[in-house]
Amino acid sequence: MALLIDIKHPDWMTDESMREQLLAYYPAADIRVGEAPGPLDEIDMLTVSSYYPGEASKYPNLRLIQKTGAGVNNILADEGLPEAIAVARLETGTSGAEMAEYALAYVLQEQRHMRQYHRQQARSEWRHYPPLQAADTRVAVLGLGRNGQLVARRFIDSGFRVTGWSRSPKRIDGVRCHAGGGELAEALADADYVVAVLPSTAETRGLFDAAQFSKFNPRAFFINLGRGDQVDEAGLIEALDSGLLAGAVLDVMSEEPLPPGSPLWLHPGVQLTPHVSGYHLGDAVADIAENYRRLQNGETLLHLVDRDLGY
Ligand code: NDP
């Protein structure tokens, strides 16, 4: 049986380059690429970055869909996906470290008033502002999974006060932890920056709407690295316009690529990036080859997703 790679983001990684990487780990594997899948009934494992509804139904003997990243919401949104098909994700320290670096970079930009200085430069204006100090600044990290914990750790190591929020209770050194919907307001109340690293699930979709933003610490700064469908974008603009939020950094949008007409593009309080905060897979690619090996040998698979929880 064969593994088919159909990533669908050649600007990020081509199927052929993924194939070469996987063959380096497992030279004997039967690995095919999207353009030349061969007989579809020979495919028992599919590796994707993007997934469209019904895609799995093309492969009658499919047993595993392997995501080349952490978020599996698009795969689980396929209502016709048979229960017998397992879904696995990747856990990559490399992209988690990149997400942490990204969040820290945007926070430091605010702490050191860099956007302000850039604007002043255009007016030849010489005026200083005291830097905001990490020890007096609280960062709330929403989502304390593989990536969220790396983000939280990066802020702790940089001297910030850190709050965390997850679905189930946690104890993490240096993090004031909260859990469950009932404790979200508490997690947000005194945060200067809110960094969301949440999966898209039935519980988190639409979580950040105008009502939720009104519970943020006034003038807090919002950074979303999780999924765009967690944010009601009209509610975000309302919160920015009414001064409830100091600004927002969005790496993920409800529709990607963001349509040219979206008001987010031109809003002065919004900074956008095209879903790049976590980018490189690093040695996590080995886990895709390992899952193929395990699938062929009937062994327990790595990083299986709980389809009921949605992550
Ligand atoms: P994990 O599955 O390891 O962790 C998810 C975290 O979210 C857990 O702490 C979980 O709680 C928490 N969570 C889930 N549902 C809720 C809820 N209803 N209320 C409170 N907390 C909740 O995911 P990762 O950390 O690996 O990644 C998180 C998300 O980041 C991915 O799903 C993906 O969407 C996004 N991502 C974005 C990237 C980018 O480049 N922008 C790159 C990689 C990931 P608990 O611990 O209790 O289970």
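These numbers come from the heavy atoms of this one structure, side chains and all, not from hydrogens, waters or symmetry mates. Just so you know, ligand 1 is whichever comes first in the structure, and atom 1 is the first atom listed for that ligand. Numbering of residues begins at 1 and proceeds along the displayed sequence.
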Donor-acceptor under 3.5 Å (Tyr279 side chain, Trp12 main chain) |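 Not confirmed, Tyr279 side chain does not pair with Trp12 backbone.
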
[X] with [Y]: basic N within carboxylate O range, under 4.0 Å:
| X | Y | answer |
| --- | --- | --- |
| Glu125 | Arg119 | no |
| Arg32 | Glu42 | yes |
| Asp190 | Arg176 | yes |

Determine, step by step, whether Ser262 and Glu233 satisfy the side chain to side chain donor-acceptor pair (under 3.5 Å) criterion, reporting the C-alpha distance in whole Å, the side-chain angles of both residues, the deciding distance to 0.1 Å, and the verdict.
-> CA-CA 9 Å; Ser262 167; Glu233 290 167 354; 5.0 Å; no

Are His9 and Ser50 close enough, and set up right, to give a side chain to side chain donor-acceptor pair (under 3.5 Å), and what steps lead you there?
-> CA-CA 8 Å; His9 289 292; Ser50 282; 2.7 Å; yes

Output the set of protein residues with a heavy-atom contact under 4.0 Å to ligand 1, ordered first by chain identifier and then by residue number.
->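 Those residues closer than 4.0 Å to ligand 1 by some heavy atom are Ala70, Gly71, Arg89, Met99, Gly143, Leu144, Gly145, Arg146, Asn147, Gly148, Trp165, Ser166, Arg167, Ser168, Lys170, Val197, Leu198, Pro199, Glu203, Thr204, Leu225, Gly226, Arg227, Asp251, Val252, His275, Ser277, Gly278, Tyr311.
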
